Structure formats: structure tokens, C-alpha cells
Amino acid sequence: MAGEIFHPLIEDLNDEIEKTISEMSTIITTELSNRTRWDTPTKGMRKDRYSAVLCAYHATRTILGSLSRPTSLISGFWA
């Protein structure tokens with residue numbers, strides 16, 4: 001397709017993303033006294049990708065939460 005960049009590394013990354021989406025859709029959760037436990041449907045599957053996504057999500061939320069945001073709206077104009 002025109003405008004697409006082909007590089008072996010990009011293809012590997014796309015494959016990893018597809019595997020991550022596939023594995024995340026098969027995660028099984030169980031509730032154990034105020035805790036949610038999660039596992040893969042078969043013992044042969046690894047939790048590494050899902051754990052990496054959780055760590056990345058946490059880091060992103062922490063960074064975005066620490067950015068300075070205005071505490072009040074700017075007054076003026078038509079006020």
C-alpha cells in the first residue's frame with residue numbers, strides 16, 4: 001500500500017501487538033475475598049505481555065497525572 005513503511009522490526013512489533021490483543025481477550029478473572037485474580041486459560045500461555053501492558057498503563061497514568069494543569073479558568077473576555 002502506498003505510504004506504508006516496511007521494516008522487519010515494525011513487522012515484529014505488529015505481531016507482538018496482535019499476540020497481546022489475542023492473549024488479553026482470553027484472560028480469566030476470579031474474585032477471591034476483595035481481590036481479583038487473573039490467569040490464562042491454559043498453563044502454556046504466559047502472562048508477560050499482559051503484565052507489561054498493566055505496568056505501561058500504570059506508568060502512563062502516573063506521568064499524565066503529574067503534569068501541571070491549570071487550577072482555574074482564565075477570567076476576562078466576556079465576563
Side-chain angles (χ1 to χ4, degrees):
M1 184 176 274
E4 274 193 50
I5 299 172
F6 176 78
H7 190 277
L9 181 60
I10 293 174
E11 291 300 314
D12 291 343
L13 293 174
N14 286 337
D15 289 342
E16 288 296 319
I17 291 170
E18 290 299 321
K19 289 177 186 176
T20 301
I21 292 170
S22 174
E23 289 177 6
M24 287 182 71
S25 65
T26 62
I27 294 293
I28 298 169
T29 59
T30 54
E31 298 288 331
L32 298 172
S33 65
N34 298 338
R35 296 184 83 177
T36 303
R37 181 180 165 88
W38 60 274
D39 205 353
T40 56
T42 61
K43 296 298 175 194
M45 295 178 76
R46 295 175 16 185
K47 298 181 185 179
D48 295 344
R49 288 187 186 97
Y50 187 73
S51 297
V53 169
L54 289 178
C55 290
Y57 178 77
H58 175 70
T60 303
R61 296 274 305 194
T62 302
I63 291 169
L64 291 177
S66 68
L67 296 176
S68 61
R69 296 186 181 138
T71 55
S72 62
L73 295 175
I74 297 173
S75 62
F77 300 105
W78 295 282

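Keep in mind that what you see is a predicted model, and the values were worked out from it rather than measured.
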**Q** Using 0.5 Å steps for rounding, measure from the CH2 atom of W38 to the OG1 atom of T29.
**A** 11.5 Å
**Q** Output all residues satisfying salt bridge (charged side-chain N to carboxylate O under 4.0 Å, His left out) with D15, sequence neighbours left out; order by chain, then residue number.
**A**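 Here no residue qualifies.
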**Q** Just verifying a value: how many Å separate I17 CD1 and D12 CG, rounded to the nearest 0.5 Å?
**A**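 The distance works out to 11.0 Å.
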**Q** Check P41 against T26 and note the closest heavy-atom contact, atom names and distance.
**A**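 Heavy-atom minimum between the residues: CD-O, 3.3 Å.
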**Q** Among residues two or more places apart or on two chains, list those pairs meeting salt bridge (charged side-chain N to carboxylate O under 4.0 Å, His left out) that have a residue in residues 16-29.
**A**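 Passing the test, one end in residues 16-29: E16-R49, E23-R49.
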**Q** Give, for atom OG1 of T30 and atom CG of L32, the distance between the pair rounded to the nearest 0.5 Å.
**A**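 Going from OG1 on T30 over to CG on L32, the span is 4.5 Å.
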**Q** Can you name the side-chain contact (heavy atoms from CB on, under 4.5 Å) partners of T62, sequence neighbours left out?
**A** H58
**Q** Apply the test side chain to side chain contact (heavy atoms under 4.5 Å, CB included) to residues V53 and M24: give CA-CA distance (whole Å), side-chain angles for both, the deciding distance (0.1 Å), then the verdict.
**A** CA-CA 10 Å; V53 169; M24 287 182 71; 4.1 Å; yes
